[in-house]
Peer 1: 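Submitted below is the structure of interest, expressed as C-alpha coordinates.
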Amino acid sequence: MKTFHCTACQALVFFENTRCLTCGHTLAFLPDRMTLVSLEEHGGSWRALDRSEVDAPLYRLCTNYLDHDVCNWAIPADAPQSLCIACSLTDTIPNLSVAGNPLAWCRLERAKRRLLFDLLSLHLPVVGKTDDPIQGLEFRFLSDIVTVNGDRSRVLTGHDNGIITINVAEADDVYRETERLRHREPYRTLLGHFRHEIGHYYWDRLIPGSPRLDEFRQLFGDERDDYQAALKRHYDLGAAPDWADHYVSAYASTHPWEDWAESWAHVLHMVDALETAHSVGLSVKPDRRDEPALDALPESSPERIGCFDRLVSDWTALTYVLNNLTRGLGLPDAYPFVLSRSVIEKLRFVCSTMVSSTDRASQAATRAAA
(Lines give C-alpha, C1' and ligand atoms only; values in the text may rest on other atoms or scores of the structure.)
Protein backbone atom coordinates (compact mmCIF):
# COMPACT_ATOMS: atom_id res chain seq x y z
CA MET A 1 0.00 0.00 0.00
CA LYS A 2 1.15 3.51 -0.83
CA THR A 3 1.54 6.32 1.68
CA PHE A 4 -1.04 9.05 1.15
CA HIS A 5 -1.19 12.69 2.21
CA CYS A 6 -4.07 15.12 2.37
CA THR A 7 -3.73 17.13 -0.82
CA ALA A 8 -5.12 20.18 0.96
CA CYS A 9 -2.77 20.38 3.95
CA GLN A 10 -0.23 17.56 3.31
CA ALA A 11 -1.04 15.78 6.58
CA LEU A 12 -0.49 12.01 6.61
CA VAL A 13 -3.70 10.08 5.89
CA PHE A 14 -4.52 6.42 5.35
CA PHE A 15 -6.18 4.40 2.60
CA GLU A 16 -9.40 3.91 4.57
CA ASN A 17 -9.79 7.53 5.76
CA THR A 18 -12.85 9.59 4.76
CA ARG A 19 -11.76 12.84 6.38
CA CYS A 20 -8.47 14.56 7.11
CA LEU A 21 -8.24 14.89 10.88
CA THR A 22 -5.95 17.90 10.51
CA CYS A 23 -7.85 20.21 8.15
CA GLY A 24 -11.24 18.51 7.96
CA HIS A 25 -11.39 18.05 4.19
CA THR A 26 -13.38 15.15 2.77
CA LEU A 27 -11.13 12.42 1.36
CA ALA A 28 -11.81 9.92 -1.39
CA PHE A 29 -9.85 7.31 -3.28
CA LEU A 30 -9.94 7.77 -7.05
CA PRO A 31 -9.51 4.38 -8.74
CA ASP A 32 -9.10 6.01 -12.16
CA ARG A 33 -5.93 7.67 -10.82
CA MET A 34 -5.05 5.22 -8.03
CA THR A 35 -4.63 7.91 -5.41
CA LEU A 36 -6.37 9.30 -2.33
CA VAL A 37 -7.19 13.00 -2.60
CA SER A 38 -8.88 15.79 -0.69
CA LEU A 39 -12.14 17.09 -2.15
CA GLU A 40 -14.23 20.22 -1.99
CA GLU A 41 -17.84 20.58 -3.08
CA HIS A 42 -18.36 22.20 -6.46
CA GLY A 43 -21.84 22.66 -7.96
CA GLY A 44 -23.28 19.42 -6.63
CA SER A 45 -20.13 17.44 -7.39
CA TRP A 46 -16.69 17.26 -5.79
CA ARG A 47 -13.45 18.73 -7.09
CA ALA A 48 -10.11 17.04 -6.45
CA LEU A 49 -7.70 19.47 -4.80
CA ASP A 50 -4.49 18.05 -6.23
CA ARG A 51 -4.74 19.99 -9.51
CA SER A 52 -5.26 23.61 -10.48
CA GLU A 53 -8.78 25.02 -10.31
CA VAL A 54 -8.85 25.27 -14.12
CA ASP A 55 -8.54 21.59 -15.02
CA ALA A 56 -9.30 19.74 -11.77
CA PRO A 57 -11.75 16.92 -12.63
CA LEU A 58 -15.12 16.56 -10.92
CA TYR A 59 -16.26 13.46 -9.04
CA ARG A 60 -19.27 11.98 -7.25
CA LEU A 61 -19.01 9.97 -4.07
CA CYS A 62 -19.96 6.30 -4.25
CA THR A 63 -23.53 5.71 -3.03
CA ASN A 64 -22.20 3.40 -0.32
CA TYR A 65 -19.99 6.28 0.84
CA LEU A 66 -22.96 8.65 1.08
CA ASP A 67 -25.68 6.32 2.37
CA HIS A 68 -23.89 3.71 4.45
CA ASP A 69 -20.39 4.99 5.27
CA VAL A 70 -18.83 1.68 4.20
CA CYS A 71 -16.82 3.08 1.27
CA ASN A 72 -14.47 5.99 0.60
CA TRP A 73 -14.14 5.73 -3.20
CA ALA A 74 -15.37 8.20 -5.80
CA ILE A 75 -16.34 8.02 -9.47
CA PRO A 76 -16.11 10.61 -12.26
CA ALA A 77 -19.02 13.05 -12.12
CA ASP A 78 -20.19 12.08 -15.62
CA ALA A 79 -20.12 8.31 -14.96
CA PRO A 80 -23.53 6.62 -15.44
CA GLN A 81 -23.22 4.33 -12.41
CA SER A 82 -23.78 5.30 -8.76
CA LEU A 83 -21.43 2.72 -7.22
CA CYS A 84 -17.63 2.70 -7.46
CA ILE A 85 -15.85 -0.19 -9.15
CA ALA A 86 -15.29 -1.95 -5.81
CA CYS A 87 -18.87 -1.70 -4.53
CA SER A 88 -20.37 -2.57 -7.93
CA LEU A 89 -18.76 -6.01 -7.69
CA THR A 90 -20.78 -6.90 -4.58
CA ASP A 91 -24.02 -8.67 -5.50
CA THR A 92 -25.24 -9.59 -2.00
CA ILE A 93 -24.65 -7.67 1.24
CA PRO A 94 -25.42 -8.78 4.81
CA ASN A 95 -28.89 -8.22 6.26
CA LEU A 96 -28.36 -4.79 7.82
CA SER A 97 -31.28 -5.24 10.24
CA VAL A 98 -29.29 -7.93 12.08
CA ALA A 99 -27.19 -6.60 14.97
CA GLY A 100 -23.50 -6.52 14.08
CA ASN A 101 -24.01 -6.87 10.33
CA PRO A 102 -23.49 -3.18 9.44
CA LEU A 103 -20.04 -3.35 11.06
CA ALA A 104 -19.36 -6.72 9.40
CA TRP A 105 -20.27 -5.28 6.00
CA CYS A 106 -17.95 -2.33 6.59
CA ARG A 107 -15.08 -4.69 7.42
CA LEU A 108 -15.80 -6.89 4.40
CA GLU A 109 -15.86 -3.96 2.02
CA ARG A 110 -12.68 -2.54 3.54
CA ALA A 111 -10.82 -5.80 2.94
CA LYS A 112 -12.27 -6.05 -0.56
CA ARG A 113 -11.06 -2.53 -1.42
CA ARG A 114 -7.56 -3.51 -0.30
CA LEU A 115 -7.78 -6.49 -2.62
CA LEU A 116 -9.00 -4.32 -5.50
CA PHE A 117 -6.14 -1.89 -4.92
CA ASP A 118 -3.70 -4.82 -5.31
CA LEU A 119 -5.36 -6.06 -8.50
CA LEU A 120 -5.61 -2.63 -10.12
CA SER A 121 -2.01 -1.84 -9.18
CA LEU A 122 -0.88 -5.03 -10.91
CA HIS A 123 -3.05 -4.24 -13.96
CA LEU A 124 -4.85 -7.56 -13.62
CA PRO A 125 -8.21 -7.86 -15.41
CA VAL A 126 -11.08 -6.71 -13.15
CA VAL A 127 -14.56 -6.82 -14.64
CA GLY A 128 -17.94 -7.53 -13.07
CA LYS A 129 -20.53 -10.06 -14.18
CA THR A 130 -22.79 -7.23 -15.31
CA ASP A 131 -20.30 -6.48 -18.08
CA ASP A 132 -19.02 -10.02 -18.61
CA PRO A 133 -21.46 -12.74 -17.41
CA ILE A 134 -19.04 -15.51 -18.40
CA GLN A 135 -15.67 -14.33 -17.06
CA GLY A 136 -16.80 -11.53 -14.75
CA LEU A 137 -16.28 -11.28 -11.01
CA GLU A 138 -18.91 -11.04 -8.26
CA PHE A 139 -18.88 -11.04 -4.44
CA ARG A 140 -21.58 -12.35 -2.14
CA PHE A 141 -21.51 -11.80 1.62
CA LEU A 142 -23.80 -14.42 3.16
CA SER A 143 -24.67 -15.57 6.68
CA ASP A 144 -25.42 -19.02 8.06
CA ILE A 145 -29.14 -19.81 8.12
CA VAL A 146 -30.58 -21.03 11.42
CA THR A 147 -33.98 -22.74 11.20
CA VAL A 148 -36.78 -22.47 13.79
CA ASN A 149 -35.72 -25.79 15.36
CA GLY A 150 -32.12 -24.66 15.71
CA ASP A 151 -30.54 -26.41 12.74
CA ARG A 152 -27.79 -24.43 11.04
CA SER A 153 -27.10 -24.31 7.32
CA ARG A 154 -23.51 -23.13 7.01
CA VAL A 155 -22.25 -20.80 4.33
CA LEU A 156 -18.88 -21.88 3.00
CA THR A 157 -16.39 -19.24 1.98
CA GLY A 158 -15.28 -20.11 -1.54
CA HIS A 159 -15.22 -19.46 -5.27
CA ASP A 160 -17.41 -20.82 -8.04
CA ASN A 161 -17.26 -19.60 -11.65
CA GLY A 162 -16.32 -16.03 -10.77
CA ILE A 163 -18.60 -15.78 -7.74
CA ILE A 164 -16.70 -15.31 -4.49
CA THR A 165 -18.72 -16.01 -1.34
CA ILE A 166 -17.51 -14.87 2.06
CA ASN A 167 -19.25 -15.97 5.25
CA VAL A 168 -20.21 -12.78 7.10
CA ALA A 169 -19.11 -14.40 10.38
CA GLU A 170 -15.49 -14.14 9.18
CA ALA A 171 -15.73 -10.39 9.89
CA ASP A 172 -16.10 -11.21 13.60
CA ASP A 173 -12.69 -11.41 15.31
CA VAL A 174 -13.76 -13.99 17.91
CA TYR A 175 -15.34 -16.32 15.34
CA ARG A 176 -12.38 -16.03 12.99
CA GLU A 177 -9.84 -16.73 15.73
CA THR A 178 -11.89 -19.71 16.94
CA GLU A 179 -11.90 -21.12 13.43
CA ARG A 180 -8.19 -20.46 13.06
CA LEU A 181 -7.43 -22.46 16.18
CA ARG A 182 -9.88 -25.22 15.27
CA HIS A 183 -8.16 -25.74 11.93
CA ARG A 184 -4.67 -25.23 13.40
CA GLU A 185 -3.92 -22.39 11.02
CA PRO A 186 -1.05 -19.96 11.67
CA TYR A 187 -2.86 -17.18 9.82
CA ARG A 188 -6.51 -16.31 9.12
CA THR A 189 -7.69 -12.81 8.16
CA LEU A 190 -10.46 -11.29 6.09
CA LEU A 191 -7.94 -9.92 3.61
CA GLY A 192 -6.32 -13.34 3.43
CA HIS A 193 -9.68 -14.90 2.49
CA PHE A 194 -10.18 -12.37 -0.31
CA ARG A 195 -6.68 -12.87 -1.67
CA HIS A 196 -7.03 -16.66 -1.58
CA GLU A 197 -10.42 -16.79 -3.28
CA ILE A 198 -9.41 -14.33 -6.00
CA GLY A 199 -6.57 -16.75 -6.74
CA HIS A 200 -9.15 -19.38 -7.73
CA TYR A 201 -10.81 -16.80 -9.99
CA TYR A 202 -7.57 -15.96 -11.78
CA TRP A 203 -6.66 -19.64 -12.14
CA ASP A 204 -9.85 -20.03 -14.17
CA ARG A 205 -9.01 -16.97 -16.26
CA LEU A 206 -5.28 -17.45 -16.81
CA ILE A 207 -4.33 -21.15 -16.73
CA PRO A 208 -6.81 -23.56 -18.44
CA GLY A 209 -6.24 -23.77 -22.18
CA SER A 210 -3.07 -21.68 -21.95
CA PRO A 211 0.54 -22.68 -22.73
CA ARG A 212 1.17 -22.45 -18.96
CA LEU A 213 -1.03 -25.42 -18.06
CA ASP A 214 1.67 -28.09 -18.48
CA GLU A 215 4.14 -26.14 -16.34
CA PHE A 216 1.40 -25.63 -13.73
CA ARG A 217 0.86 -29.38 -13.51
CA GLN A 218 4.59 -30.03 -13.18
CA LEU A 219 4.83 -27.64 -10.21
CA PHE A 220 1.46 -27.94 -8.48
CA GLY A 221 0.13 -31.33 -9.61
CA ASP A 222 -2.78 -32.42 -11.76
CA GLU A 223 -5.90 -30.32 -11.05
CA ARG A 224 -8.05 -33.06 -12.60
CA ASP A 225 -7.68 -35.11 -9.39
CA ASP A 226 -11.00 -35.45 -7.56
CA TYR A 227 -11.35 -32.20 -5.61
CA GLN A 228 -14.06 -33.29 -3.17
CA ALA A 229 -12.17 -36.49 -2.35
CA ALA A 230 -9.02 -34.43 -1.75
CA LEU A 231 -10.90 -32.11 0.64
CA LYS A 232 -12.33 -35.04 2.57
CA ARG A 233 -8.91 -36.66 2.83
CA HIS A 234 -7.40 -33.41 4.11
CA TYR A 235 -10.03 -32.86 6.79
CA ASP A 236 -10.03 -36.54 7.82
CA LEU A 237 -6.28 -37.11 7.89
CA GLY A 238 -4.66 -33.69 7.86
CA ALA A 239 -1.56 -32.70 5.91
CA ALA A 240 1.44 -34.99 5.48
CA PRO A 241 4.21 -34.50 8.08
CA ASP A 242 6.58 -33.08 5.45
CA TRP A 243 4.07 -30.65 3.92
CA ALA A 244 6.29 -27.62 4.71
CA ASP A 245 8.94 -28.96 2.30
CA HIS A 246 6.55 -28.58 -0.63
CA TYR A 247 3.73 -26.18 0.26
CA VAL A 248 3.35 -22.65 1.61
CA SER A 249 0.68 -23.85 4.07
CA ALA A 250 -0.83 -27.11 5.24
CA TYR A 251 -4.06 -26.29 3.43
CA ALA A 252 -2.14 -25.82 0.18
CA SER A 253 -1.35 -29.55 0.26
CA THR A 254 -5.05 -30.38 -0.16
CA HIS A 255 -5.24 -30.12 -3.96
CA PRO A 256 -3.40 -28.31 -6.80
CA TRP A 257 -6.17 -25.68 -6.95
CA GLU A 258 -5.69 -24.85 -3.27
CA ASP A 259 -1.93 -24.88 -3.66
CA TRP A 260 -2.26 -22.30 -6.45
CA ALA A 261 -4.73 -20.13 -4.48
CA GLU A 262 -2.52 -20.12 -1.38
CA SER A 263 0.52 -19.28 -3.49
CA TRP A 264 -1.37 -16.52 -5.32
CA ALA A 265 -2.50 -15.01 -2.00
CA HIS A 266 1.07 -15.16 -0.76
CA VAL A 267 2.37 -13.17 -3.72
CA LEU A 268 -0.25 -10.49 -3.02
CA HIS A 269 0.87 -10.40 0.63
CA MET A 270 4.46 -9.94 -0.48
CA VAL A 271 3.83 -7.28 -3.11
CA ASP A 272 1.56 -5.22 -0.86
CA ALA A 273 3.84 -5.31 2.18
CA LEU A 274 6.93 -4.49 0.12
CA GLU A 275 5.15 -1.58 -1.55
CA THR A 276 4.28 -0.30 1.92
CA ALA A 277 7.91 -0.62 2.97
CA HIS A 278 9.01 1.27 -0.14
CA SER A 279 6.39 3.97 0.36
CA VAL A 280 7.50 4.75 3.93
CA GLY A 281 11.19 4.67 2.98
CA LEU A 282 12.01 1.57 5.01
CA SER A 283 15.48 0.09 4.61
CA VAL A 284 17.36 -2.62 6.51
CA LYS A 285 21.11 -2.12 6.76
CA PRO A 286 22.65 -4.58 9.24
CA ASP A 287 26.22 -4.32 10.43
CA ARG A 288 27.00 -7.83 9.18
CA ARG A 289 27.08 -8.46 5.44
CA ASP A 290 25.62 -11.97 5.85
CA GLU A 291 22.38 -10.71 7.43
CA PRO A 292 19.21 -9.86 5.44
CA ALA A 293 19.36 -6.36 3.93
CA LEU A 294 16.74 -4.20 2.28
CA ASP A 295 17.68 -1.29 0.05
CA ALA A 296 15.65 0.88 -2.30
CA LEU A 297 12.79 -1.10 -3.80
CA PRO A 298 11.34 -1.11 -7.33
CA GLU A 299 8.73 1.61 -7.64
CA SER A 300 5.78 -0.18 -9.21
CA SER A 301 4.00 -3.42 -8.35
CA PRO A 302 4.34 -4.86 -11.89
CA GLU A 303 8.05 -4.07 -11.84
CA ARG A 304 8.35 -5.74 -8.44
CA ILE A 305 6.80 -9.05 -9.51
CA GLY A 306 8.92 -8.93 -12.67
CA CYS A 307 12.11 -8.99 -10.53
CA PHE A 308 11.31 -12.21 -8.70
CA ASP A 309 14.71 -13.02 -7.17
CA ARG A 310 14.90 -9.49 -5.80
CA LEU A 311 11.33 -9.84 -4.53
CA VAL A 312 12.22 -12.92 -2.49
CA SER A 313 15.44 -11.37 -1.18
CA ASP A 314 13.63 -8.22 -0.06
CA TRP A 315 10.83 -10.29 1.44
CA THR A 316 13.30 -12.29 3.52
CA ALA A 317 14.74 -9.08 4.97
CA LEU A 318 11.35 -7.50 5.62
CA THR A 319 9.84 -10.54 7.36
CA TYR A 320 13.00 -10.95 9.45
CA VAL A 321 12.38 -7.44 10.78
CA LEU A 322 8.62 -7.94 11.16
CA ASN A 323 8.97 -11.09 13.23
CA ASN A 324 11.63 -9.60 15.47
CA LEU A 325 9.44 -6.54 16.08
CA THR A 326 6.32 -8.53 16.95
CA ARG A 327 8.28 -10.88 19.21
CA GLY A 328 9.63 -7.81 20.99
CA LEU A 329 6.02 -6.78 21.67
CA GLY A 330 5.16 -10.22 23.03
CA LEU A 331 3.05 -11.06 19.98
CA PRO A 332 3.12 -14.08 17.65
CA ASP A 333 5.16 -13.82 14.47
CA ALA A 334 3.62 -11.41 11.99
CA TYR A 335 4.84 -13.77 9.27
CA PRO A 336 4.42 -17.39 10.41
CA PHE A 337 5.67 -19.05 7.22
CA VAL A 338 8.83 -20.66 5.86
CA LEU A 339 9.46 -20.67 2.11
CA SER A 340 11.09 -23.89 0.87
CA ARG A 341 12.78 -24.12 -2.53
CA SER A 342 9.73 -25.86 -3.93
CA VAL A 343 7.42 -23.11 -2.66
CA ILE A 344 9.67 -20.39 -4.07
CA GLU A 345 9.43 -21.95 -7.54
CA LYS A 346 5.65 -21.97 -7.25
CA LEU A 347 5.64 -18.32 -6.26
CA ARG A 348 7.92 -17.61 -9.21
CA PHE A 349 5.38 -19.25 -11.51
CA VAL A 350 2.53 -17.19 -10.02
CA CYS A 351 4.53 -13.98 -10.51
CA SER A 352 5.36 -14.84 -14.12
CA THR A 353 1.68 -15.56 -14.76
CA MET A 354 0.76 -12.15 -13.35
CA VAL A 355 3.41 -10.48 -15.52
CA SER A 356 2.14 -12.31 -18.60
CA SER A 357 -1.42 -11.18 -17.85
CA THR A 358 -0.24 -7.60 -17.34
CA ASP A 359 1.65 -7.66 -20.64
CA ARG A 360 -1.44 -8.93 -22.48
CA ALA A 361 -3.60 -6.23 -20.87
CA SER A 362 -1.08 -3.56 -21.87
CA GLN A 363 -0.97 -4.82 -25.46
CA ALA A 364 -4.79 -4.87 -25.61
CA ALA A 365 -4.95 -1.30 -24.33
CA THR A 366 -2.40 -0.19 -26.93
CA ARG A 367 -4.41 -1.84 -29.72
CA ALA A 368 -7.62 -0.23 -28.44
CA ALA A 369 -5.96 3.21 -28.34
CA ALA A 370 -4.68 2.75 -31.88
Peer 1: Would Val13 and Val280 show up in the same hydrophobic cluster when neighbours are defined by side-chain heavy atoms closer than 4.5 Å?
Peer 2: yes
Peer 1: Would you kindly say whether Arg212 and Ser356 are connected by a side-chain donor-acceptor distance under 3.5 Å?
Peer 2: no
Peer 1: Taking all non-hydrogen atoms of both residues into account, name the closest pair between Leu89 and Gly128 and its distance.
Peer 2: CD2-CA, 3.5 Å
Peer 1: With a 4.0 Å cut-off on N to O distance, would you call Asp172 and Arg107 a salt bridge?
Peer 2: no
Peer 1: Below 30° counts as parallel, above 60° as perpendicular, anything between as tilted: where do the rings of Trp257 and Tyr227 land?
Peer 2: tilted
Peer 1: So which heavy atom on Cys20 is nearest to which on Cys23, and how close?
Peer 2: SG-N, 3.4 Å
Peer 1: Counting the benzene-type ring for Trp, do Phe337 and His269 have ring centres under 6.0 Å apart?
Peer 2: no
Peer 1: Are any of the side-chain nitrogens in Glu223 or Arg217 under 4.0 Å away from the carboxylate oxygens of its partner?
Peer 2: yes
Peer 1: Is the distance between the ring centroids of Tyr335 and His266 under 6.0 Å?
Peer 2: yes
Peer 1: The test is side-chain contact (heavy atoms from CB on, under 4.5 Å); show your working for Leu119 and Leu115 and say whether it passes.
Peer 2: CA-CA 6 Å; Leu119 304 182; Leu115 171 71; 4.1 Å; yes
Peer 1: Distance only, no hydrogens: is a donor on one side chain within 3.5 Å (strictly under) of an acceptor on the other, for Ser88 and Gln81?
Peer 2: no
Peer 1: Output the distance between atom CD1 (Ile85) and atom CG (Leu120), rounded to the nearest 0.5 Å.
Peer 2: 5.5 Å
Peer 1: Surrounding CG of Asp290 (heavy atoms of other residues, nucleotides or ligands, distance under 6.0 Å), is the total greater than 12?
Peer 2: yes
Peer 1: To the closest 0.5 Å, what do you measure between OG1 (Thr319) and CG (Asn324)?
Peer 2: 10.0 Å
Peer 1: Do the side chains of Pro76 and Asp32 get nearer than 4.5 Å, heavy atoms only?
Peer 2: yes
Peer 1: Check whether Phe15 forms a cation-pi arrangement with Lys2 (NZ or CZ under 6.0 Å from the six-membered ring centre, at most 45° off the ring normal).
Peer 2: no
Peer 1: According to the interplanar angle, ranging from 0 to 90°, do the rings of Phe4 and Phe29 count as parallel (below 30°), tilted (30 to 60°) or perpendicular (above 60°)?
Peer 2: perpendicular
Peer 1: So do Leu318 and Met270 actually touch side chain to side chain, heavy atoms under 4.5 Å?
Peer 2: no
Peer 1: Parallel under 30°, tilted from 30 to 60°, perpendicular over 60°: which one fits the rings of Tyr251 and His196?
Peer 2: tilted
Peer 1: Is any side-chain N of the basic residue among Arg180 and Glu177 closer than 4.0 Å to the acidic one's carboxylate O?
Peer 2: yes
Peer 1: Looking at Pro94 and Val168, what are the two nearest heavy atoms and their distance?
Peer 2: CG-CG2, 3.8 Å
Peer 1: List the atom pairs, with distances to 0.1 Å, where a side-chain N or O of residues 129-140 and a protein N or O form a donor-acceptor pair under 3.5 Å, not counting sequence neighbours.
Peer 2:
residue : atom : partner : partner atom : Å
Lys129  : NZ   : Pro133  : O            : 3.2
Lys129  : NZ   : Gly136  : O            : 3.3
Lys129  : NZ   : Asn161  : O            : 3.0
Asp132  : OD1  : Ile134  : N            : 3.2
Asp132  : OD1  : Gln135  : N            : 3.0
Glu138  : OE2  : Arg140  : NE           : 2.8
Glu138  : OE2  : Arg140  : NH2          : 3.0

Peer 1: Arg195 versus Thr189: any side-chain heavy-atom pair under 4.5 Å?
Peer 2: no
Peer 1: With sequence neighbours excluded, give me every side chain to side chain donor-acceptor pair (under 3.5 Å) pair touching residues 16-26.
Peer 2: Glu16-Arg114
Peer 1: So, Thr353 side chain and Phe349 main chain: donor-acceptor pair closer than 3.5 Å or not?
Peer 2: yes
